Amino acid sequence: MTGTVPLPSPQPDRIGGPSTTELAGVVMEYRYSTGNHYRMEFAADRLTFHLLSDPAGHTRTLPYRARKLHDDLFLVCWIVKPGIHVALVVDFTRDRIHVTGMMPPNQWEFFDIGDILDVRRGDTEQG
């Protein structure tokens, strides 16, 4: 028997626990161990990321959710488009990020770590 297995029907989101807008106004630049270099800008309910390692200058603005896990430690997640979901753990204390994502559409997993190169919070620069 050949063919594809049908995917289950979409289900409603199940959102629980606290969220935060504490990242609003933060701009951070980071580089993954696999090479991609980004700048991410947070608003209260949207983030904009710029792929700095792409000469074409790829930029996207998307809604996101964030949860404060501990002082200067946040879980951030967003959906790029159906089938592409990204979760990022941002550790400002250690200047590290951890990422996992299912890439288009459910074809490969992105699981990496990176260094935060620069952080700006309003008029205060860290990094």
Side-chain angles (χ1 to χ4, degrees):
M1 181 179 204
T2 62
T4 60
V5 176
L7 295 174
S9 300
Q11 301 292 312
D13 292 335
R14 295 180 185 119
I15 310 297
S19 293
T20 185
T21 59
E22 201 172 316
L23 293 172
V26 170
V27 177
M28 69 175 185
E29 189 175 320
Y30 57 95
R31 185 184 322 269
Y32 291 121
S33 72
T34 51
N36 280 347
H37 181 187
Y38 288 92
R39 182 177 64 247
M40 186 172 285
E41 303 165 8
F42 291 94
D45 62 349
R46 296 202 174 272
L47 60 81
T48 299
F49 62 88
H50 309 272
L51 178 54
L52 302 176
S53 52
D54 180 0
H58 179 78
T59 297
R60 296 288 298 263
T61 299
L62 303 162
Y64 76 99
R65 295 185 195 286
R67 175 168 294 152
K68 186 173 185 173
L69 303 174
H70 199 276
D71 292 340
D72 285 335
L73 183 66
F74 295 87
L75 171 63
V76 181
C77 62
W78 64 93
I79 297 172
V80 177
K81 61 183 178 182
I84 304 178
H85 182 267
V86 179
L88 189 71
V89 174
V90 181
D91 186 341
F92 290 116
T93 300
R94 292 177 178 83
D95 292 326
R96 298 293 272 183
I97 56 160
H98 304 265
V99 66
T100 186
M102 184 55 68
M103 295 296 139
N106 296 324
Q107 293 181 1
W108 62 279
E109 181 183 15
F110 182 45
F111 188 77
D112 203 355
I113 191 169
D115 294 318
I116 298 174
L117 307 172
D118 184 57
V119 177
R120 287 170 292 200
R121 302 176 193 214
D123 294 334
T124 306
E125 192 167 320
Q126 325 267 324

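This is a predicted model, so every value here is computed, not measured.
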#### Entry: Test side chain to side chain contact (heavy atoms under 4.5 Å, CB included) applied to F74 and T20, step by step
CA-CA 9 Å; F74 295 87; T20 185; 4.0 Å; yes
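Taking the centre and axis of the six-membered ring of F92, the NZ or CZ atom of R121 falls inside the cone set by 45° and 6.0 Å.
Side-chain contact check for R39 versus V27: some heavy-atom pair is nearer than 4.5 Å. Inter-residue side-chain proximity for L117 and M28 is flagged as unmet; no heavy-atom pair is nearer than 4.5 Å. Put simply, the side chain of V76 reaches to within 4.5 Å of the side chain of F42, judged on heavy atoms. Here the side chains of D71 and T93 are not in contact, with every heavy-atom distance at 4.5 Å or above.
Closest approach of A44 to A24, counting heavy atoms only: N-CB, 3.7 Å. When all heavy atoms of R67 and P18 are compared, the pair lying nearest together is NE-O, 2.6 Å. The two residues S53 and H37 come nearest to each other via the heavy atoms OG-N, 3.2 Å.
Residues meeting the ring-ring contact (aromatic ring centres under 6.0 Å, His included) test with F110, sequence neighbours left out: Y32. D45 is linked by a side chain to side chain contact (heavy atoms under 4.5 Å, CB included) to nothing, counting only residues two or more places apart in sequence or in another chain. Annotation: side chain to side chain contact (heavy atoms under 4.5 Å, CB included) contacts of T48 (sequence neighbours excluded): E41, H50, T59, T61. Under the side chain to side chain contact (heavy atoms under 4.5 Å, CB included) criterion, V80 pairs with R60, L62, W78, I84, V86, sequence neighbours left out. Remark: A43 engages no residue in a side chain to side chain contact (heavy atoms under 4.5 Å, CB included) (not counting sequence neighbours). The side-chain hydrogen bond (donor to acceptor under 3.5 Å, both in side chains) test applied to S19 returns no partner, not counting sequence neighbours. Scanning for side-chain hydrogen bond (donor to acceptor under 3.5 Å, both in side chains) contacts around D91 gives R94, with sequence neighbours left out. Applying the salt bridge (Lys or Arg N to Asp or Glu O under 4.0 Å) rule to D115 yields the partners R96; only residues at least two apart in sequence or on another chain are considered. Listed by chain and number, the residues in a side-chain hydrogen bond (donor to acceptor under 3.5 Å, both in side chains) with T34 are D112 (sequence neighbours excluded).
Taking OH of Y64 as the start and CG of L88 as the end, the distance is 11.5 Å to the nearest 0.5 Å. Atom CD1 of I113 and atom CD1 of I97 lie 8.5 Å apart (nearest 0.5 Å). Here the CG atom belonging to N36 is positioned 9.5 Å from the OH atom belonging to Y30, to the nearest 0.5 angstrom. Between the NE2 atom of H85 and the OG1 atom of T100 there is a distance of 9.5 Å, given to the nearest 0.5 Å.
Among residue pairs with one or both ends in residues 14-34, those qualifying as salt bridge (Lys or Arg N to Asp or Glu O under 4.0 Å) are E22-K68; sequence neighbours excluded.
Residue L75 shares its hydrophobic cluster (ILVMFWY side chains chained together at separations under 4.5 Å) with L69, L73, V89. Counting side-chain heavy-atom gaps under 4.5 Å among Ile, Leu, Val, Met, Phe, Trp and Tyr, I15 is found in no cluster with other residues.
By the rule that hydrophobic residues join a cluster once side-chain heavy atoms approach within less than 4.5 Å of another member, L51 and V90 end up as members of one cluster.
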